[in-house]
Amino acid sequence: MTTTGESHRAAVTGPWWWERRRSAALDVGLALASAAECGAEGITFSGDTGIPAPVGVAFGAVAGASLVLRRRWPIAVVLVSIAITPAQMGILLTIVGLYSLAASELPRRIIGSLAGMSLVGTLIVTLVRTRQDMESGDLGFAEGFIPFIAIMTSIGVTAPPILLGLYVGARRRLMESLRERADSLERELQLLAERAEERAEWARNEERTRIAREMHDVVAHRVSLMVVHAAALQAVARKDPEKAVKNAALVGDMGRQALTELREMLGVLRTGESGAVSGVQRRVSASDAVPLAAVGFAAAAAASRAVDEDGPCLAELDELVGQSRAAGMAVDLSVEGESRAYAAEVEQTAYRVVQEALTNVHKHAAGAKTYVRLAHRGAEIAMQVENEPPPEAGPVDARLPSGGNGLVGMKERVTALGGVFVSGPTDAGGFRVSAVLPAGA
């Protein structure tokens with residue numbers, strides 16, 4: 001049975017055109033047997049024709065030995081068997097040659113033509129030889145049995161090897177197609193597994209970035225307000241003890257809120273991951289074909305959904321602005337349009353954009369008047385945070401550090417929902433952050 005592709009190249013271990021050594025040994029053995037048969041029949045042929053016996057033996061041996069070529073040139077073997085049919089040689093050569101021809105990949109019309117030639121040749125030779133034997137008295141059949149004997153003999157020599165060869169050839173082609181299909185399916189499964197690994201790695205990276213954004217938004221804003229209040233507390237501690245006590249209380253409240261939000265976020269991530277992993281483990285026990293990368297993908301997806309559900313919303317925007325006002329910032333909040341509910345991702349993103357923009361004002365323009373505008377439109381929601389230039393004699397510098405990730409995080413959030421994000425300095429010397437989110441994101 002033949003193979004294809006790399007398996008075929010790996011299976012070719014025999015000499016010359018043979019795929020295996022045992023195939024070569026079989027063909028050589030059949031060729032020797034055919035040469036011996038044709039050589040023995042060459043003696044009778046030499047006696048009938050009057051040629052020297054060694055010549056008849058050599059002719060028969062050479063003709064029978066051509067069977068060794070049956071895998072490489074089956075047409076030549078069949079033509080040789082047809083050519084020596086009048087000499088009543090090569091029964092084994094004819095049978096094996098026709099089988100090899102029918103089992104080959106040659107077109108059916110060629111196989112049918114050569115099989116028909118062999119059938120007609122065998123029929124004519126058998127008919128003539130039977131009539132000669134009956135006339136010489138070697139056979140005692142009636143005259144009417146001669147065609148029947150010739151037809152049955154020619155069919156018996158030609159039909160069985162042809163039918164067997166066609167069956168074996170069809171079975172071989174079927175096995176090859178099944179093997180190729182199995183190889184193709186294996187390659188597709190391997191490709192799917194690689195893509196699943198890539199998607200899982202991409203999901204893990206995306207979730208790491210998302211968690212980093214959430215941590216930045218939660219920590220940066222609260223801690224920035226705490227630092228601003230601490231700086232103000234340091235400035236007024238001796239001059240105005242009552243205000244110092246108020247600022248200290250605000251610092252404590254901010255710290256507790258930051259710790260509460262961090263604890264809730266970490267709890268959500270831990271709960272989402274454990275639930276997703278347990279669910280995936282149940283599916284793995286039912287089918288071992290589930291890639292292990294799905295565990296990380298499902299855990300990241302579950303944590304992402306949980307964070308979205310528990311995140312802030314636009315209803316908390318007044319509280320956010322109030323915290324900045326309590327820290328000494330002059331903030332003007334204006335809302336246009338009719339307020340309505342949006343998807344959790346949209347409300348959370350809008351809230352985080354305003355929160356991060358106010359945090360940046362605390363860091364880089366302390367004391368500057370800030371305008372927060374929120375517009376509810378038909379198919380979108382727009383927000384803008386713009387601050388004026390900071391006063392020359394502003395509050396005490398709180399020396400807030402900046403990692404440069406705030407604007408990047410805001411842009412990632414907005415573009416992930418199909419929105420538009422723009423930020424940059426204004427002509428008046430301030431800074432503006434604008435974002436537009438589709439309402440149906």
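In this chain, numbering begins with 1 at the start of the sequence shown.
More than 12 heavy-atom neighbours from other residues, nucleotides or ligands sit within 6.0 angstrom of CZ on Arg173. Within a 6.0 Å sphere centred on CZ of Arg340, other residues, nucleotides and ligands contribute more than 12 heavy atoms. Heavy atoms from other residues, nucleotides or ligands lying under 6.0 Å from CZ of Arg325 number more than 12.
When atom types are taken as modelled, the side chain of Glu347 and the backbone of Tyr342 share a donor-acceptor pair closer than 3.5 angstrom. The backbone N or O of Ala150 sits nowhere less than 3.5 Å from a side-chain atom of Thr153 that would complete a donor-acceptor pair. At distances below 3.5 Å, at least one donor-acceptor pair connects side-chain atoms of Ser154 with backbone N or O atoms of Ile151. Between the side chain of Gln88 and the main chain of Phe45, no donor-acceptor pair closer than 3.5 Å is present. With hydrogens and angles ignored, the 3.5 Å screen pairs a side-chain donor or acceptor of Ser100 with a backbone N or O of Val96. Within the 3.5 Å criterion, the main-chain N or O of Leu101 finds a donor-acceptor partner in the side chain of Ser104. Of the possible polar contacts, one joining the Ser46 side chain to the Ile43 backbone as a donor-acceptor pair under 3.5 Å is found. Remark: side-chain polar atoms of Ser34 are paired, donor with acceptor, to backbone N or O of Gly64 under 3.5 angstrom. Not a single donor-acceptor pair under 3.5 Å links the side chain of Thr122 to the backbone N or O of Leu119.
Contact record, Thr370 with Val361: OG1-CG1, 3.4 Å, taken as the closest heavy-atom pair. In plain terms, the two heavy atoms of Ala35 and Ala61 that are nearest each other are CB-O, 3.5 Å. Across every non-hydrogen atom of Met89 and Gly60, the tightest pair is SD-CA, 3.9 Å. When all heavy atoms of Pro160 and Ile155 are compared, the closest pair comes out as CD-O, 3.4 Å. Heavy atoms only, all atoms of each residue included: Ser113 and Arg109 are closest at OG-O, 2.7 Å. Contact detail for Leu106 and Ile111: the closest heavy-atom pair is O-CD1, 3.7 Å.
Side-chain contact check for Ser324 versus His362: some heavy-atom pair is nearer than 4.5 Å. A 4.5 Å side-chain heavy-atom check between Leu407 and Met410 finds at least one atom pair inside the cut-off. Under the 4.5 Å side-chain criterion, counting only non-hydrogen atoms from C-beta, Val385 is not in contact with Phe431. Residues Val433 and Glu356 form no side-chain contact, since every pair of their non-hydrogen atoms from C-beta on lies 4.5 Å or further apart. Residues Leu314 and Ile381 form a side-chain contact, since some pair of their non-hydrogen atoms from C-beta on lies under 4.5 Å apart. Inter-residue side-chain proximity for Asp27 and Leu67 is flagged as unmet; no heavy-atom pair is nearer than 4.5 Å. A 4.5 Å side-chain heavy-atom check between Leu191 and Arg187 finds every atom pair outside the cut-off. Met329 has its side chain within reach of Leu358: a pair of non-hydrogen atoms, C-beta onward, lies under 4.5 Å apart.
The line from CG of Leu178 to CZ of Arg181 is 7.5 Å long, rounded to the nearest 0.5 Å. Expressed to the nearest 0.5 Å, how far CD of Glu180 lies from CE of Met175 amounts to 12.0 Å. To the nearest 0.5 Å, atoms OG1 (Thr349) and CZ (Phe421) are separated by 12.0 Å. Between the OG atom in Ser118 and the CG atom in Leu79 there is a gap of 10.0 Å [rounded to 0.5 Å]. Atom-to-atom distance recorded for Arg179:CZ and Asp183:CG is 8.0 Å, nearest 0.5 angstrom. Atom CE of residue Met117 and atom OG of residue Ser81 lie 9.5 Å apart, to the nearest 0.5 angstrom.
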* To do: Assess whether side chain to side chain contact (heavy atoms under 4.5 Å, CB included) is satisfied between Val420 and Val414, documenting all intermediate values.
  => CA-CA 6 Å; Val420 179; Val414 174; 5.5 Å; no

* salt bridge (charged side-chain N to carboxylate O under 4.0 Å, His left out) between Arg373 and Glu386, worked out -> CA-CA 9 Å; Arg373 300 181 181 90; Glu386 180 180 351; 3.8 Å; yes

* Asked: Given the rule in the side-chain hydrogen bond (donor to acceptor under 3.5 Å, both in side chains) test, do Gln355 and Arg352 qualify, once you have shown the distances and angles that lead to the verdict?
  -> CA-CA 5 Å; Gln355 182 187 54; Arg352 293 302 189 192; 3.0 Å; yes

* **Check against side chain to side chain contact (heavy atoms under 4.5 Å, CB included), Glu37 and Leu93** => CA-CA 9 Å; Glu37 177 202 353; Leu93 178 66; 5.9 Å; no

* To do: Begin from the C-alpha positions of Tyr351 and Cys313 and carry the test side chain to side chain contact (heavy atoms under 4.5 Å, CB included) through to its verdict.
  => CA-CA 6 Å; Tyr351 181 93; Cys313 60; over 6 Å; no

* Check against side chain to side chain contact (heavy atoms under 4.5 Å, CB included), Glu41 and Val57 -> CA-CA 8 Å; Glu41 293 170 345; Val57 173; over 6 Å; no

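Tested against Tyr371 for a side-chain hydrogen bond (donor to acceptor under 3.5 Å, both in side chains), the candidates Gln384, Arg432, Glu388 yield a single pass: Glu388.
One finds a salt bridge joining Glu380 and Arg377 here, because a Lys/Arg side-chain nitrogen approaches an Asp/Glu carboxylate oxygen to under 4.0 Å. A salt bridge does not link Asp332 to Lys369: none of the charged nitrogens lies less than 4.0 Å from a carboxylate oxygen. With salt bridges taken as basic N to acidic carboxylate O contacts below 4.0 Å, none links Glu345 and Arg413.
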